[in-house]
Amino acid sequence: MTQPDSTMNHDAALDEFRSQVRRLAEREIAPHAAAVDDDARLPVEAIDAFRSMGLCGLAFPERLGGGDGDLMAQVLAVEEVARVCGSSALVMLIPWAALTPLIRFGSAALQEEIVPAVAAGKHGASFCLTEPGGGSDLPGLKTRAERVPGGWRLQGQKRFISNVGWSAWYAVLAKVGDKAYGVFMVHRDDPGFSIGRHERKMGVRGSPLADIFLDQCVVPDHRVVGDPERGYHYMMETLTYTRPLVSAQALGLAQGALDEAVRYTAGRTQFNSPVSRFQMVRGMVADMTIAVEAARALLYRAVSIAGANDDRARSFASMAKTFCSDTAMSVTSDAVQLHGGYGYTKDYAVERMMRDAKVSQIWEGTNQIQRLLVAKHAFHD
């Protein structure tokens, strides 16, 4: 089942879809999560599981081999996978995010060239925005695209590219002239494309991360997404749909850590009583539960607004990203605390979840930037 069954009540169909993804995650992904983190390797078992359920193409149109899954279905899938493995959730969602500009604004021919193989899970796709000088300062981007006969020549460096290597396609934002930007689909076999040293990361170690280099890299003209001077607009529109995905990953990590904390404290005995009976422990678990449920409600609200093309969509996406990631960091930290000394060891999943959670406050626009965007909307700037 690759998407909620349209013949069922929509809410019931989503509930069934969530249950299916949860079973898949617990059976096929969770047993390998610790090894993926320890070895900092691609979660191949998870990718096989995604293929078996058609999740690789969930976000893409059926005409391109996808599952026609709406944004809520994507969010639920990411949330359930992240409950057991943050790296696997990231590997799944990055291609959806990377190809969102192409699906929304690209030509049918370019979509046909790129999307079907990604939807089938043959390889990934990556989103290339951040540069060595920063990610949120778009006017400061150095990567440039220059027209040449029959195409465009790209020169520059993109930093912190997720799924690098496994991805065959890279959606690159580059400056065109002084103030305009274009989105260019670059293939890993294009002359002038290369990959730098893989980063040694704190968390989500199963998604390879590195710089990409574009050294006089020429791409044919048809590989420009839409209008070559509308790339900034395309990326901003894209973030309204991709921020809920990274929010869902953070939410899944928080839920997974809460589940682990409840399980551990219920089974751990001190002073002839389960730790879960201690008042301060119960207070911590209650606060964690409230935070997770509040984050879930805000995220689902953001998804409903994004789907309705509401003009508040961008602000709600920023709210969800901020609150879900802050919740993930606090809940995973508290889960480690509730495990006591054991929580500080790699024998328990909460240690990995806490490390995985941290980056959710940084990527896809830092939470400081998100707060500025929310304030901008509040003041109608």
Side-chain angles (χ1 to χ4, degrees), residues 57 59-61 63-66 94-119 122-133 135-164 166-195 211-242 314 364:
F60 308 131
R63 62 181 173 81
L64 297 171
I94 287 294
W96 301 349
L99 298 186
T100 296
L102 175 61
I103 295 298
R104 290 180 59 80
F105 306 108
S107 69
L110 188 58
Q111 293 172 10
E112 288 282 357
E113 179 181 351
I114 294 173
V115 176
V118 177
K122 294 180 179 178
H123 51 241
S126 295
F127 192 74
C128 305
L129 177 61
T130 301
E131 296 189 358
S136 298
D137 179 19
L138 283 183
L141 295 185
K142 304 297 184 185
T143 300
R144 303 189 68 86
E146 178 185 8
R147 277 195 183 275
V148 295
W152 295 80
R153 181 169 56 226
L154 278 67
Q155 182 70 34
Q157 178 180 355
K158 293 293 184 178
R159 176 142 293 177
F160 301 145
I161 307 306
S162 297
N163 286 3
V164 70
W166 185 63
S167 291
W169 291 98
Y170 298 80
V172 176
L173 184 68
K175 249 185 177 177
V176 178
D178 292 332
K179 297 182 179 180
Y181 304 84
V183 178
F184 302 85
M185 299 306 302
V186 179
H187 192 271
R188 64 187 173 195
D189 293 334
D190 288 336
F193 175 90
S194 62
I195 296 171
D211 288 6
I212 64 164
F213 297 90
L214 304 163
D215 184 12
Q216 304 295 307
C217 179
V218 177
V219 299
D221 197 53
H222 78 275
R223 294 232 219 107
V224 181
V225 174
D227 185 334
E229 295 189 354
R230 296 270 292 163
Y232 175 81
H233 167 73
Y234 298 160
M235 284 297 189
M236 292 303 100
E237 287 285 316
T238 293
L239 290 173
T240 301
Y241 291 88
T242 59
R314 187 180 179 194
E364 204 74 5

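Throughout, numbering of the chain's residues begins at 1 and tracks the sequence.
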Let me know which of L102, T100, L99 forms a side chain to side chain contact (heavy atoms under 4.5 Å, CB included) with F60.
L99
In this structure, CG of L173 is separated from OH of Y232 (nearest 0.5 Å) by 10.0 Å
Taking side chain to side chain donor-acceptor pair (under 3.5 Å) as the cut-off, I'd like each qualifying pair that reaches into residues 177-192, sequence neighbours left out, listed once.
D190-R223
To the nearest 0.5 Å, tell me how far L239 CG sits from L129 CG.
7.0 Å
Heavy-atom check, side chain of Q157 versus side chain of P132, under 4.5 Å
yes
In short, A119 meets G65 closest at the heavy-atom pair CB-O, 3.7 Å
Is the shortest side-chain heavy-atom distance between M185 and E113 below 4.5 Å?
no
Could you tell me the separation between the OG1 atom of T238 and the NE2 atom of H233, rounded to the nearest 0.5 Å?
9.0 Å
Close side-chain approach of F184 to V176, heavy-atom, < 4.5 Å
yes
Spacing of OH belonging to Y170 relative to CD1 belonging to I212, to within rounding of 0.5 Å
7.0 Å
Specify the closest pair of heavy atoms between G124 and V118, including all atoms of both residues, with the distance to one decimal.
O-CG2, 4.1 Å
Sequence-distant partners of T143, side chain to side chain contact (heavy atoms under 4.5 Å, CB included), two or more places apart
E131, K158, V172, A174, L214
Closest heavy-atom pair, S126 versus S162, reported as atoms and distance to 0.1 Å, is OG-O, 2.6 Å
Rounded at 0.5 Å granularity, tell me how far CZ in R144 sits from CD in Q155.
11.0 Å
Within this structure, what is the CG-CD1 distance for the pair D211 and I161, rounded to the nearest 0.5 Å?
7.0 Å
Non-hydrogen side-chain atoms of V218 and W152 separated by less than 4.5 Å:
no
Would you mind reporting whether D221 and R147 have side-chain heavy atoms less than 4.5 Å apart?
yes
Looking only at heavy atoms, which two atoms of I94 and A125 are closest? And how far apart?
CG2-O, 3.3 Å
Correct closest heavy-atom pair for V225 and Y234 would be O-CE1, 3.2 Å
Tell me, do S194 and D215 make a side-chain contact under 4.5 Å, heavy atoms counted?
no
